[in-house]
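These notes are about the structure you will find just below.
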2 protein chains.
Amino acid sequence: MAQNSRKINMADVARRAGVSMATASRALNNENGVAESTRRRVLAVAEELSYVVSPEASRLAGGATGRVAVVVPHISRWFFATLLEGLEAVLRAADLDVLLYHVDGIEDRHDFFHRLPARRKVDAVVVLAFPVAEEEQRRLELMGVTIIAAGGQHAPYPNVCIDDETAGRQAMDHLIFLGHRRIAMIAAVDPDQPGELAPPGRSNAYYAALRDAGIPSDEQLVATVNWGGAEGADAMARLLSQREPPTAVYAHSDEVALGAVRTLRRAGLRIPEDMSVTGIDDHPLAELTDLTTVRQPVRQQGELAGRMLLNILRGEETDHDVVVPTQLVIRGSTAPPRS
Amino acid sequence: MAQNSRKINMADVARRAGVSMATASRALNNENGVAESTRRRVLAVAEELSYVVSPEASRLAGGATGRVAVVVPHISRWFFATLLEGLEAVLRAADLDVLLYHVDGIEDRHDFFHRLPARRKVDAVVVLAFPVAEEEQRRLELMGVTIIAAGGQHAPYPNVCIDDETAGRQAMDHLIFLGHRRIAMIAAVDPDQPGELAPPGRSNAYYAALRDAGIPSDEQLVATVNWGGAEGADAMARLLSQREPPTAVYAHSDEVALGAVRTLRRAGLRIPEDMSVTGIDDHPLAELTDLTTVRQPVRQQGELAGRMLLNILRGEETDHDVVVPTQLVIRGSTAPPRS
DNA sequence: TTCGGCAACGGAAACGCTTCCGAATGAGTC
DNA sequence: GACTCATTCGGAAGCGTTTCCGTTGCCGAA
C-alpha cells in the first residue's frame with residue numbers, strides 16, 4: 001500500500017500545478033483571489049494525487065479545528081443515542097468531526113471536567129441532556145469555545161429541549177380526563193447527577209395537574225427511584241402494597257413505565273382494566289408494548305442543536321432557546337378506572 | 001476570561017522552569033532522559049500555568065494523532081450504542097479520542113467510504129458491527145491505518161464477536177428440548193447492508209438444529225424481514241395466518257421478538273402457553289418483558305475491541321480473533337407446547 | 001505615453017511542537 | 001588522577017499549512 005511513494009504535501013501539489021503554495025492553499029480552500037482556471041488546475045492535481053490537506057498543519061497555521069466535542073452520559077440509552085444521532089448527522093453534513101466524550105458516573109464526570117481532555121481540540125462543545133453544575137461550567141469555559149446544550153434545560157447555554165412540565169401535563173391531564181383520581185407518580189432521578197433530583201418539570205406537572213383538578217395529592221402515591229426499568233418495577237411493587245392502591249400510574253419515562261408494567265403483569269393485574277400506565281418519551285418499544293405516552297421528537301432535538309451550533313460558529317443570527325413541542329400518544333395502556 | 005494573557009506555549013513553560021524546550025517536551029511526555037527533579041519542576045510549572053500541549057503541533061512534529069475513528073450504523077439501537085460505550089471507555093482511559101462516524105443508510109455509507117472524511121485524522125478505525133464490502137475495504141486501506149472490527153465477523157480485520165451459530169443453537173435447542181416441533185424463524189436483515197442477508201450464523205443454527213433433531217424444515221415457517229420491532233410484528237402475523245401455525249418462534253433478535261409478542265398478545269394468544277418466543281441479545285427490555293433469550297456480552301465486546309486496538313497500536317502481541325461466549329437465559333416466554 | 005489601480009500570484013514568516021545529535025556533567029574504574 | 005561511559009540536557013532542524021505583504025502584469029483613463 002503505497003509504501004513506495006512518500007507522503008505528498010501541498011508543496012507537491014503546488015509544484016505540479018505550477019503555482020506557489022500560497023496559491024495552492026487559496027485554491028484548495030476556495031478563497032478568492034485565484035483565477036478560476038488556476039483553481040481548477042490545482043484542484044485537478046490534488047484529485048489526481050488524491051491529496052488531502054493535513055488537518056494538523058492547517059490548524060496549526062491558523063483556522064479552526066473543524067471538530068466539536070459532544071459530551072453525553074449513557075450512550076446506550078435510546079434517548080441519548082438518538083439525540084446524538086441527530087446531532088451527528090447535521091454536524092457531519094457540515095464537515096465537522098464529532099469527538100465523543102461519554103461521561104458515565106460521577107467520577108468519570110469529575111475527571112472530564114477536571115482534565116478537560118477536549119481542551120485545545122475542538123471549536124465547540126455540546127452538552128447532551130444533563131445539567132452542568134456551576135463549578136463545572138467554570139471549568140468548561142476555561143476551554144474558551146462555544147458551548148451549547150440539547151435535550152435538557154438546566155444550563156445557561158443556548159439550548160434546545162422540550163417543556164417538561166407541559167409534557168407531564170399532557171399525560172396527567174389525560175389520566176384525569178379519563179376519570180382517575182388516585183394517580184401515582186414514579187419519578188426517575190439520574191443517579192449520576194450531582195443533585196440527584198428528578199426532572200422538576202415532570203414532577204411539577206403532577207402536582208399542578210392534581211391541584212387544578214381539585215384532587216388532593218398524597219405523598220404515599222409518589223415513588224422516587226433511580227432511572228431504569230428494574231427500578232420502575234420495584235417502585236410499582238411498593239405502590240401496589242398500599243392499603244388503597246392507585247388506579248393509574250404516571251411515570252417519568254417509558255422505560256420506568258415498562259418496569260411498572262412488568263410488576264403489574266406479574267401481580268396478575270390487567271392493563272388498562274385494573275391499572276392505567278403512562279410514560280414519557282415515546283421510546284420505540286412503547287409502541288410495541290402498547291404504552292400510552294407523551295412523544296418528544298428526540299432526533300429532531302439533536303438536529304436542531306446541530307443547526308444552532310453551525311449558526312453560532314458561522315457568526316450568524318440564531319435562536320438561543322428552542323422548545324420543541326410534545327404530543328400525547330394514546331395507546332392501549334390507559335382507560336377509565338373501573339367504577 | 002483570560003483575554004489579557006496571550007496563549008501560552010511550551011516555550012513559556014520551558015523558560016519558566018529554566019529548561020530547554022527539548023527537556024520540557026520530554027518531561028511532559030513522560031519520556032526518559034530527564035532527571036526526576038527536573039520533570040517535577042516542569043510538570044509543576046505546566047500545572048500552574050494550566051498548560052496543555054497543542055495536539056496539532058504535537059502531531060505535526062511527529063507522533064500519532066491520538067484519535068481513532070469509530071464507524072457505526074444505527075447509533076440509536078441498544079446493541080450498537082452499548083458496543084460503542086464499551087469501546088469508548090477503554091479508548092478514553094488510554095487517552096485516545098473517539099471520532100464518531102455514523103453511517104446510516106446506503107448513501108451515507110457510500111459517501112463515507114468515498115470521501116474518507118477521517119483520512120489523515122486518526123491512527124486507527126474501528127468498524128462496529130457491519131460487514132465491509134471488498135470495494136469498501138480497498139477504500140479504507142487507502143487511509144493507511146490500523147483497522148479492526150467488533151460485533152460482527154464479516155471482515156478480514158482483527159475482530160471480536162460472538163459465534164452467531166452457537167447462539168442460535170442455544171435458543172433453538174432450548175425450544176426443541178421443551179418439545180416443540182413446529183418452530184418458526186423470524187430472520188432479520190439489515191436493510192442498509194449491501195447484500196441484504198440475515199446473519200447467516202443465526203439462520204444456519206435454525207436449520208442445523210432442526211436437522212439434528214430430525215425435524216423436517218418447512219419454508220412456510222421462515223419469515224425474513226427488515227430489522228425492527230414493527231417488522232417482527234408483521235412477520236408474526238403472517239406466521240399465524242398459516243393453516244398449521246407454529247408453537248414456538250425463534251427470532252433473530254430481541255427487538256424482533258418483542259414485535260412478535262405484540263402480535264401474539266393482540267391476537268389473544270398467551271405466552272408461553274399458546275406460543276413460545278425466544279430472542280437473541282438480552283436487550284435490557286428483554287428482562288422487563290420476561291423474554292427468554294440468548295445473552296451476549298455487548299459492552300464487553302466493545303471493551304475487548306478497545307484493548308485489542310491498544311495492543312496493536314502499541315505494537316504488542318495480541319489475539320486477533322476473539323469470540324466471546326453467549327448464554328441462554330430462560331425466562332417466562334418459553335414453555336413446553338400444549339399437548 | 002504614462003500612470004493609478006486592481007486582480008492574480010509568490011516569498012517567507014509564523015504556528016507549537018518533537019527529535020536528532022552533540023555537549024556537558026558526574027560517577028566509576030584502573 | 002586520567003579516562004571511559006552513562007546520564008541529562010540544549011540547539012536547531014524540521015513537520016505542512018496559512019497568511020501577511022509585496023510584486024507582477026494588465027487594463028483603462030488622463
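Each chain gets a letter, A, B and so on, in the order the sequences are listed, and its residues count up from 1.
Between the CG atom of A/L60 and the C1' atom of C/dG16 there is a distance of 5 Å, given to the nearest Å. For the pair B/I8 CD1 and C/dC15 C1', the interatomic distance rounds to 16 Å; values are reported in whole Å. Between A/R59 atom CZ and C/dA14 atom C1' there is a gap of 14 Å when expressed in whole angstrom units. When the C1' atom of C/dC15 is taken as reference, atom CE of B/M10 falls 14 Å away, rounded to whole Å. The distance from atom CG of A/L28 to atom C1' of D/dT17 is 11 Å, rounded to the nearest whole Å. Whole-Å rounding puts the A/N30 CG to D/dT18 P distance at 12 Å. Between the P atom of D/dC15 and the CG atom of A/D12 lies a distance of 11 Å, rounded to the nearest Å.
B/V19 is not listed as a side-chain neighbour of B/V34, based on a closest heavy-atom distance of 4.5 Å or more.
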Under the side-chain contact (heavy atoms from CB on, under 4.5 Å) rule, what do A/K121 and B/V52 come out as? Steps first, then yes or no, please.
CA-CA 10 Å; A/K121 294 180 185 167; B/V52 278; over 6 Å; no
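Remark: the backbone N or O of A/H114 is paired with a side-chain donor or acceptor of A/R139 at under 3.5 angstrom. The main-chain N or O of A/R15 is never found under 3.5 Å from a side-chain atom of A/D12 such that the two would form a donor-acceptor pair. Under the 3.5 Å distance criterion, the side-chain polar atoms of A/R67 are left unmatched by any main-chain donor or acceptor of A/L99.
Listed pair A/N29 / D/dT18 meets the phosphate criterion, a side-chain N or O lying under 4.0 Å from OP1 or OP2.
Between the axis at the start and the axis at the end of the helix from C/dT1-D/dA30 to C/dC30-D/dG1 there is an angle of 50°, using five pairs per end and rounding to 10 degrees.
Test B/L91, B/V145, B/D97 against B/V68 for side-chain contact (heavy atoms from CB on, under 4.5 Å) and you get one pass: B/L91. Of the residues A/F112, A/F113, A/F130, the one that meets the ring pair (Phe, Tyr, Trp, His ring centres under 6.0 Å) test with A/Y101 is A/F112.
Counting non-hydrogen atoms under 4.0 angstrom, B/S25 reaches a base of the nucleic acid.
Remark: A/E141 does not engage A/R138 in a salt bridge, criterion side-chain N to carboxylate O under 4.0 Å.
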Report each atom pair, protein N/O against N/O of nucleotides 7-10 of chain C, whose distance is under 3.5 angstrom.
unit_1 : atom_1 : unit_2 : atom_2 : d
C/dC9  : OP1    : A/T38  : OG1    : 2.5
C/dC9  : OP2    : A/A35  : N      : 2.7
C/dC9  : OP2    : A/T38  : OG1    : 3.3
C/dG10 : OP2    : A/S20  : N      : 2.6
C/dG10 : OP2    : A/S20  : OG     : 3.0
C/dG10 : OP2    : A/T23  : OG1    : 2.9
C/dG10 : N7     : A/R26  : NH2    : 3.0
C/dG10 : O6     : A/R26  : NH1    : 3.3
C/dG10 : O6     : A/R26  : NH2    : 3.3

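Atom CG of A/L140 sits about 4.5 Å away from atom CD1 of A/I147, to the nearest 0.5 Å.
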